[in-house]
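So the structure is just underneath, and the comments pick up after that.
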Amino acid sequence: SRRPNMAQRVSVKGRGRKKISRVRVAVRLRPFMDKQDERGEGPCVRGLDSQNLEIVNWRNATETLKYHFDVFHGEQTTQKEVFLSSVKPILPYITRGQNASVFAYGPTGAGKTHTMLGNSAQPGVIPRAVGEVFNLVNAQDEDEAWDYSIGMSYLEIYNEKVLDLLSPSSQDLPIREDKDKNILIPGLTHTMISSFSDFERHFVPANLNRTTASTKLNQRSSRSHAVLLIKVVRTQRCLPRRQQTGKLYLVDLAGSEDNRRTGNQGIRLKESGAINLSLFTLSKVVDSLKSGASVRVPYRDSKLTRLLQDSLGGSAHSLMIVNIAPEYEYCFDTVGALNFAAKSKLIVNAPFTRETVAVLPVKRANEEREAGQSGT
Ligand code: ADP
Ligand code: MG
């Protein structure tokens, strides 16, 4: 199986060696939304195998850009496959007192919400992960020495304000750090849940709030980060009754098309409104994590990265799902999203031709054909 070859070992003062994990990156290409577009220009990006993809170089059509990632999910990939291969493996850690986070990154319209939330016919990462956390906890042996409790919070970061989605009338909430370096938000609703239907009872109406607000407030949902926290606390039954807390953050990020402007010469952060500070800082944090432990990681520069400080990098288990779209109109933003997430890219002097369409990695293709996928 794949081992992260970039897992680094660094010395931590006085404590010997500590394993530093990095951010795993999966790319997911969604299918064409309009059959007409598919017949016209065709895709501007395609998979080569289960880790590599190529895209038209919009600067020079005689070149393609090739990228390498931990995983590439082709357009045929089902919700279940994304969950099983990329998300499920990290969930056991949060039942053992460790932190994990899953982000959906990419331009608006490329499939972030589909990947995280999905719909009732094609449930996404969030419902599947929450269901699996309950499975893991319920499967614990009766003679296990621990008792478990599960709680949830749901918040939105919009214009650098932290808003409680479980208590919609609340104001901007502060982010704090306790003496053990745990990040917390005093005043944020944290609701105990004892089953998946319990979770839905709180989560579904909170999402409706968010959607309603978005139509009123200038596409708010594409500019805000929706952050779901699932917290698993386990307590030893016997003395000394040790307690461990594991946090899982499931994040539907703001559209990355805002981000490219921040990278351009001349247009700087002062062009407020248009720029999403948290997303911009997230890209700096991911860069710092990629380049090793010696650089300062700028967690404190934005609300999102501050909140995720104890669940991103370090010993946490992080997964970035980069959502991309096949249409040419997305090409520029797709390259931006891939550059954000890739360690390296290769420029190949070969035109992007439609004839050499590679076979996409369709695992267990017949096992799950989700409703709607073959329709229209
Ligand atoms: P984003 O949240 O990134 O703006 P959405 O998740 O809303 O994008 O996706 C845009 C549209 O594409 C939606 O209609 C969604 O249902 C559809 N879509 C996205 N990804 C897929 C996919 N993998 N399979 C089928 N439809 C998808
Ligand atoms: Mg969305």
Side-chain angles (χ1 to χ4, degrees), residues 24-38 42-47 50 53-55 67 69-87 101-129 207 210-211 214 219-228 250-260 276 279 282 319-342 360-363 365 368-376:
R24 263 178 78 81
V25 180
V27 173
R28 183 184 197 184
L29 173 63
R30 73 153 163 72
F32 273 94
M33 289 290 96
D34 185 348
K35 289 281 165 206
Q36 210 58 46
D37 293 342
E38 186 166 16
C44 78
V45 57
R46 65 172 164 236
S50 64
L53 61 92
E54 70 176 335
I55 185 165
Y67 291 85
F69 293 99
D70 295 301
V71 183
F72 171 72
H73 294 299
E75 65 192 68
Q76 303 283 325
T77 312
T78 61
Q79 301 279 64
K80 186 179 181 179
E81 286 162 2
V82 170
F83 174 72
L84 289 181
S85 73
S86 294
V87 180
S101 53
V102 179
F103 303 88
Y105 181 89
T108 298
K112 295 181 297 297
T113 303
H114 181 80
T115 295
M116 295 308 287
L117 209 55
N119 51 51
S120 52
Q122 298 167 277
V125 164
I126 287 174
R128 287 173 198 271
N207 260 321
R210 189 175 182 242
T211 320
S214 75
Q219 305 201 317
R220 173 167 171 159
S221 79
S222 69
R223 293 179 163 238
S224 73
H225 314 284
V227 181
L228 173 66
L250 299 167
V251 187
D252 186 347
L253 290 168
S256 63
E257 67 278 3
D258 286 352
N259 202 36
R260 65 154 191 240
N276 193 309
L279 203 59
L282 179 67
L319 169 71
M320 178 84 62
I321 303 176
V322 182
N323 289 95
I324 58 172
E327 294 89 1
Y328 268 83
E329 61 185 289
Y330 281 88
C331 195
F332 183 83
D333 289 329
T334 302
V335 169
L338 294 173
N339 284 345
F340 158 79
L360 292 167
V362 184
K363 281 178 292 175
E368 185 200 34
R369 275 282 152 259
E370 288 164 315
Q373 191 129 24
S374 53
T376 59

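One finds the OH atom of Tyr105 at 5.0 Å from the CG atom of Leu279 (value rounded to the nearest 0.5 Å).
Remark: Ala26 engages Val71, His73, Ser86, Leu319 in a side-chain contact (heavy atoms from CB on, under 4.5 Å) (not counting sequence neighbours). Residues forming a side-chain contact (heavy atoms from CB on, under 4.5 Å) with Ala110 (at least two apart in sequence, or on another chain): Pro107, Asn323, Ala325.
Contact check for Val82 versus Arg128: no side-chain heavy atoms found under the 4.5 Å cut-off. With a 4.5 Å cut-off on side-chain heavy atoms, Gln122 and His114 count as touching. Taking 4.5 Å as the limit, every side-chain heavy atom of Leu117 sits out of range of all side-chain heavy atoms of Asp252. Counting heavy atoms from C-beta on, the side chains of Thr77 and Phe72 never come closer than 4.5 Å. Residues Asn276 and His225 are in side-chain contact: their nearest non-hydrogen atoms beyond the backbone lie under 4.5 Å apart. Between Leu29 and Pro326, some side-chain heavy-atom pair lies under the 4.5 Å cut-off. Inter-residue side-chain proximity for Phe32 and Glu327 is flagged as met; some heavy-atom pair is nearer than 4.5 Å.
At distances below 3.5 Å, at least one donor-acceptor pair connects side-chain atoms of Glu257 with backbone N or O atoms of Thr108. With hydrogens and angles disregarded, no donor-acceptor distance shorter than 3.5 Å links the side chain of Glu75 to the backbone of Gly47.
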Before you tell me yes or no, could you show the steps for Leu53 and Leu338 under side chain to side chain contact (heavy atoms under 4.5 Å, CB included), namely the whole-Å CA-CA distance, both residues' side-chain angles and the distance that decides it to 0.1 Å?
CA-CA 10 Å; Leu53 61 92; Leu338 294 173; 3.8 Å; yes
Quick one, Met116 with Val102, criterion side chain to side chain contact (heavy atoms under 4.5 Å, CB included). Give me CA distance, side-chain angles, the key distance, then yes/no.
CA-CA 9 Å; Met116 295 308 287; Val102 179; 4.2 Å; yes
